[in-house]
Protein chains: 2
Amino acid sequence: MRNAEHPDVSGIALTKVLSALADPLRLGVVCLLADGEERQWGDLDVPVSKSTLSHHMKTLRNAGLTRTREEGTRCYVRLRTGDLESRFPGLLASIMQAAPAEAAPVGLR
Amino acid sequence: MRNAEHPDVSGIALTKVLSALADPLRLGVVCLLADGEERQWGDLDVPVSKSTLSHHMKTLRNAGLTRTREEGTRCYVRLRTGDLESRFPGLLASIMQAAPAEAAPVGLR
DNA sequence: GATGATGTTCGATGATTGACGAACATCGAA
DNA sequence: TTCGATGTTCGTCAATCATCGAACATCATC
């Protein structure tokens with residue numbers, strides 16, 4: 001996480017957002033974060049190994065979908081709802097509406 | 001095109017739509033079709049070979065984004081605007097708003 | 001029928017992607 | 001200071017993807 005890159009609002013690319021959300025697991029994570037709450041990596045109950053989760057979180061972060069914060073050894077993540085809304089109005093909302101049916105089962109531990 | 005598969009409205013999958021639109025060339029094609037007009041393959045001025053274009057058109061078709069019609073040896077394509085709107089309300093509109101900036105240059109010949 | 005235009009399909013190839021375990025770095029707690 | 005928890009990074013592997021040219025099928029036209 002040393003090299004956490006968060007693109008600024010104008011740097012959020014549509015194709016990266018779309019391909020980030022095209023993966024069921026990442027879609028599931030975003031669904032879970034859609035309530036606006038900040039979550040810790042370890043609180044996410046995902047059906048993949050932690051190294052795989054780390055890659056997916058990096059993808060979401062680099063795409064500009066999430067913002068990551070470190071606190072000790074823990075990492076917290078939250079959805080960049082406002083940034084996304086201002087960059088692509090209505091996009092996230094319309095995706096979230098249909099997402100649960102196809103997202104991977106991501107719960108809270 | 002013998003085996004043209006067009007998913008019905010309820011069979012249009014969000015993840016397939018998103019990954020189909022995550023490619024700049026396909027995004028460009030969809031942008032061009034966004035005016036609702038029906039176009040012929042050959043009228044599309046794309047920076048790839050015809051075999052590559054054929055693959056991309058197949059991807060769009062299978063994802064449920066476009067509908068293809070044969071007429072002699074020619075193939076015509078149009079965007080399934082209405083179907084998409086009823087399946088994922090607002091999705092296409094919000095994507096089209098930001099798409100031109102990132103889409104590959106697809107014009108008319 | 002022969003020819004040309006239009007798409008599709010078939011390998012082949014190189015790039016990207018998702019996945020894992022192992023090794024590592026960092027920090028907090030015992 | 002040692003140990004455990006938390007994430008990252010690395011190397012590997014299999015699968016998918018974008019791309020191309022060549023070969024093919026189909027149809028319209030000459």
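Throughout, protein chains are lettered first and strands after them, A, B, ... in sequence-line order, and every chain is numbered starting at 1.
Partner assigned to D:dA15 is C:dT16, using Watson-Crick or G-U wobble distances below 3.5 angstrom.
Note that OG1 of A:T68 is 11.5 Å distant from CD of A:E5, once rounded to the nearest 0.5 Å.
The side-chain contact (heavy atoms from CB on, under 4.5 Å) test applied to A:A103 returns A:L27, A:C31, not counting sequence neighbours. Taking B:T52 as the reference, B:V48, B:S49, B:H56 meet the side-chain contact (heavy atoms from CB on, under 4.5 Å) condition, with sequence neighbours excluded. Partners of A:Q97 according to the side-chain contact (heavy atoms from CB on, under 4.5 Å) rule, which considers only residues two or more places apart in sequence or in another chain, do not exist here. For B:D43, there are no salt bridge (charged side-chain N to carboxylate O under 4.0 Å, His left out) partners two or more places apart in sequence or in a different chain. For A:R67, the salt bridge (charged side-chain N to carboxylate O under 4.0 Å, His left out) partners are A:D83, not counting sequence neighbours. For B:S94, the side-chain contact (heavy atoms from CB on, under 4.5 Å) partners are A:L91, A:S94, not counting sequence neighbours.
A:Y76 has its OH atom 8 Å from the P atom of D:dG7, to the nearest Å. When rounded to the nearest whole Å, the span between CD of B:E70 and C1' of C:dA5 equals 15 Å. If you measure from atom CH2 of A:W41 to atom P of C:dT26, you get 18 Å, rounded to the nearest angstrom. Atom CG of B:L60 and atom C1' of C:dG7 are 16 Å apart (whole Å). Atoms CZ (B:R74) and C1' (D:dT26) sit 13 Å apart, rounded to a whole Å. If you measure from atom CZ of B:R61 to atom C1' of C:dT9, you get 13 Å, rounded to the nearest angstrom.
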B/S/- contact track for nucleotides 11-20 of chain D, protein heavy atom under 4.0 Å: -------SBB
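Between C:dG7, D:dG7, C:dT26, one nucleotide has an atom nearer to the side chain of A:Q40 than all others, and that is D:dG7. Minimum atom distance to the side chain of B:K58 is reached by C:dT9, of the listed C:dG7, C:dT9, D:dT6.
Linking Ile, Leu, Val, Met, Phe, Trp and Tyr residues whenever their side-chain heavy atoms come within less than 4.5 Å leaves A:Y76 and A:L108 in two separate clusters.
Listed by first and then second residue, the salt bridge (Lys or Arg N to Asp or Glu O under 4.0 Å) pairs involving residues 14-36 of chain B are B:D35-B:R39 (not counting sequence neighbours).
Within residues 101-109 of chain A, no residue is approached by DNA chain D to less than 4.0 Å at the level of any non-hydrogen atom.
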